[in-house]
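Data first, discussion second: the structure below is written as structure tokens.
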Amino acid sequence: MEEFFYQATIYLGAAVIAVPLAARLGLGSVLGYLAAGIAIGPVLGLTGAETEDLRHFAEFGVVMMLFLIGLELEPRALWAMRDKLIGLGGMQVTASTIVLMGAAMAMGQPWHVSLAVGLALSLSSTAIVLQTLSEKGLMQTGGGRASFSVLLTQDIAVIPILAFLPLLGTYAIPQFSADGSISREAAGGHGGGHGSLSLVEGLPGWAVALVTLAAIALIILAGIYLTRPLFRFIHASNLREMYTALALMIVVGISFVMTLVGLSPALGAFLAGVVLANSEFRHEMESDLNPFKGLLLGLFFITVGAGINYRQFLADPGDLIGLALLVIFAKGVVLFAVGRAFGLRRRRLWLFTLSLAQAGEFGFVLLAFSTQLNVIPAALSEKLLLVIALSMLITPLLFIAYDLLSKRMGEPLQAPEPDEIDEEGPVIIAGIGRFGQIVNRLVQASGFKTVVLDHDMEAVQLMRRFGVKSFLGDPTRPELLKAAGIAKAKVFVVALDDPEGVVKMVSYVRRAYPDLHIIARAKDRNHVYELYQAGADDIVRELFDSSVRAGRYVLENVGLSEYEAAQAAQTFYNHDRQNLRDLAQHWMPGVPASQNPAYIERAQELEKAIESAIFDMAERKRKRSSEAAE
């Protein structure tokens, strides 16, 4: 127990010190975790053999991360990515494998060893790349989405690669069982069994395929039909920790099922996340699992840094660093070419190239498996493990290079791609800020469907966290409004906090859709007049109603009854709206109201009329009260 507390203190203490320092220096949390691992491992020697075991445990953070990413993707969105998954991802894995295999053969390695090396190094680091993209807000950019597609393809590709590697084993002898299944034994006659549970071991190929499909179907059906009853059952207990336990059970259980059929737990978790993306409990699971995901990923990065064999590194640092840079360069060339072939340009292309140029954590798995199969010699495997770790250590520097390149190109660091709008409704709301939120809540609560658009990615992401579906994109773009179904809509609400943009949008929509009812948000009186001229049907001053209500509260506390105050407020409200229409006839664009004599004169007359109306109303009330008393 003392050893456990000691190791926990070392790892957590290193993270608490190094990560905030790295964040303050603008280096990102991933580099901070890696630096913490190097400090407690190779530098201070505070870690031991437990590092490898901790790394395998911490890799579960990758599984959680893919589950949470799946929760953000609906099945329809995943289907829309099929071209990138098959084309972009497949071409990257294939081309990178061929190039790296050629480089290994040029260094004197046999073809089967070179092919195994190319396969292991062709995969990138899902953990580092996705964590950094999310941290920097780049996940929704064109380059970020392309990178995610490739990473997902790589996770899927691990399965056939693991099935293919035994065919390269120089000492792996295939044997056919009586039932037609294929088994392999090492040359020394030792069986390949290791006591682990498996539902597919010893089965013929067709049976393995059936069991695998059944496991995937089980996950999908359980996500559709069992999750909601389970969460309702947990909700009845009124125990907050049970939500966390259920969320963990879902991810762990899915990982176990996928392991039983020989598939990647990360792939299964991602699939389950996509199935549950439309669930009303999605945000509950996100909030429960996010802390575990962050800590486990951090621990994984620390173990990568702590696991570096510094003696082997110090024996030939130049060769190892050179190989790591060669891997990054070779993959970078492939990624650049593949990205251009699929239409990525400038900032998107550089993000795609630099983010995926490293080798990844699956390389550790493939190298270890290849060594067990005698495909790759143990000495070469040790060297390549260091090369992978060094390339992962260099990755944060590649993101820093991307930031510098992006600034030099004169483009903003965060330029999110607009969402693909796949819904239509009778009400379209442009803007989901504090004004648009209230409108949207009232309309939806009344049973009417809305389509919400906003160009602010943070606002859209915030609303999604609260279960409010909204689409990212510039609502002033005509093609975006068409995609939202404006031609069929009954009401269009302009709730943007941009007075000039609101006027332009109202003008365009009125010209293009003359029968559409337009409700617009106005900043002040002058803005109201501009919107009237632009063609808005209803105009709402953003502070007017709340100010009138505040005035009513004042009247209630200086002697008026609630009814009298409400009547005064309603009278003021009606007269002010009439006055606005009257004053609009005297308002001149570009001329301040203080320099418009006709406007000032009419405004003074109308103000006196409001005072007289409220005073007369109060006098009539007093007379009725006096007559009733007599």
Side-chain angles (χ1 to χ4, degrees), residues 140 412 414-444 448-464 468-546 577 580-581 583-584 587-591 593:
Q140 296 301 322
Q414 298 183 23
E417 290 284 299
D419 289 332
E420 181 179 348
I421 302 176
D422 53 6
E423 290 187 3
E424 295 182 355
V427 180
I428 299 176
I429 301 176
I432 193 63
R434 52 197 172 95
F435 188 95
Q437 287 176 32
I438 303 299
V439 177
N440 184 57
R441 285 172 57 194
L442 175 59
V443 175
Q444 285 196 337
F448 295 95
K449 188 175 182 180
T450 63
V451 179
V452 181
L453 313 172
D454 202 300
H455 58 77
D456 187 344
M457 184 168 64
E458 291 185 4
V460 170
Q461 290 177 339
L462 177 63
M463 289 299 100
R464 287 175 179 172
V468 179
K469 185 168 185 179
S470 50
F471 296 96
L472 179 66
D474 185 359
T476 62
R477 291 171 52 189
E479 63 270 22
L480 199 70
L481 294 176
K482 290 179 181 177
I486 193 170
K488 302 176 184 177
K490 295 180 178 179
V491 180
F492 181 60
V493 182
V494 189
L496 299 175
D497 189 13
D498 175 16
E500 185 177 348
V502 171
V503 174
K504 290 180 179 178
M505 184 179 295
V506 170
S507 298
Y508 164 74
V509 173
R510 176 53 67 217
R511 288 195 308 272
Y513 307 97
D515 297 328
L516 183 64
H517 192 92
I518 303 174
I519 303 171
R521 168 187 181 179
K523 183 179 180 181
D524 50 31
R525 280 177 174 265
N526 286 330
H527 195 204
V528 170
Y529 303 142
E530 292 178 354
L531 290 171
Y532 269 128
Q533 289 194 349
D537 295 293
D538 293 310
I539 302 169
V540 182
R541 281 174 283 170
E542 55 188 28
L543 297 178
F544 179 70
D545 291 309
S546 56
R577 286 177 62 83
L580 268 179
R581 294 186 178 90
L583 288 171
W587 176 76
M588 292 186 292
V591 178

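Each residue takes its place number in the sequence, starting with 1.
Atom CD1 of Ile432 and atom CG of Asp454 lie 7.0 Å apart (nearest 0.5 Å). Rounding to the nearest 0.5 Å gives a distance of 9.0 Å between CD1 of Ile486 and CG of Leu453. Remark: Ile428 CD1 to Thr450 OG1 distance equals 10.0 Å, nearest 0.5 Å. Summarising the geometry, atom CD1 belonging to Ile518 is positioned 5.5 Å from atom CG belonging to Leu516; distances are rounded to the nearest 0.5 Å.
Scanning for ring-ring contact (aromatic ring centres under 6.0 Å, His included) contacts around Phe544 gives Tyr573, with sequence neighbours left out. Judged as a side chain to side chain donor-acceptor pair (under 3.5 Å), and not counting sequence neighbours, the contacts of Glu542 are Arg521. For Gln437, there are no side chain to side chain donor-acceptor pair (under 3.5 Å) partners two or more places apart in sequence or in a different chain. Evaluation of the side chain to side chain contact (heavy atoms under 4.5 Å, CB included) rule for Lys504 yields Glu500 as partners, not counting sequence neighbours. Residues passing the salt bridge (Lys or Arg N to Asp or Glu O under 4.0 Å) test with Asp498: none are found, sequence neighbours excluded. Qualifying side chain to side chain contact (heavy atoms under 4.5 Å, CB included) partners for Val439, counting only residues two or more places apart in sequence or in other chains: Ile429, Phe435, Val443, Val493. Here Asp497 pairs with nothing under the side chain to side chain donor-acceptor pair (under 3.5 Å) rule; sequence neighbours left out.
Looking at Asp538, its side chain never comes within 3.5 Å of a backbone N or O of Ile519 through a donor-acceptor pair.
A heavy-atom distance below 4.5 Å is not found between the side chains of Lys449 and Val427. For the pair Leu481/Phe492, a side-chain contact is recorded, criterion being any heavy-atom separation below 4.5 Å from C-beta on. Here the side chains of Val540 and Asp545 are in contact, with some heavy-atom distance below 4.5 Å. A heavy-atom distance below 4.5 Å is not found between the side chains of Tyr513 and Asp515.
Smallest separation of non-hydrogen atoms from Leu531 and Ala522: CD1-CB, 3.8 Å. Pairing each heavy atom of Ala520 with each of Val502, the nearest pair is CB-CG1, 4.3 Å. Of all heavy-atom pairs between Leu496 and Pro475, the closest is CD2-CG, 4.1 Å. Across all non-hydrogen atoms, the minimal contact from Ile539 to Ala536 is CG1-CB, 3.8 Å.
Among residues at least two apart or in separate chains, there is no side chain to side chain donor-acceptor pair (under 3.5 Å) pair with a member in residues 481-491. Sequence neighbours left out, the pairs with a member in residues 522-537 that pass salt bridge (charged side-chain N to carboxylate O under 4.0 Å, His left out) are Arg510-Asp537, Arg525-Asp576.
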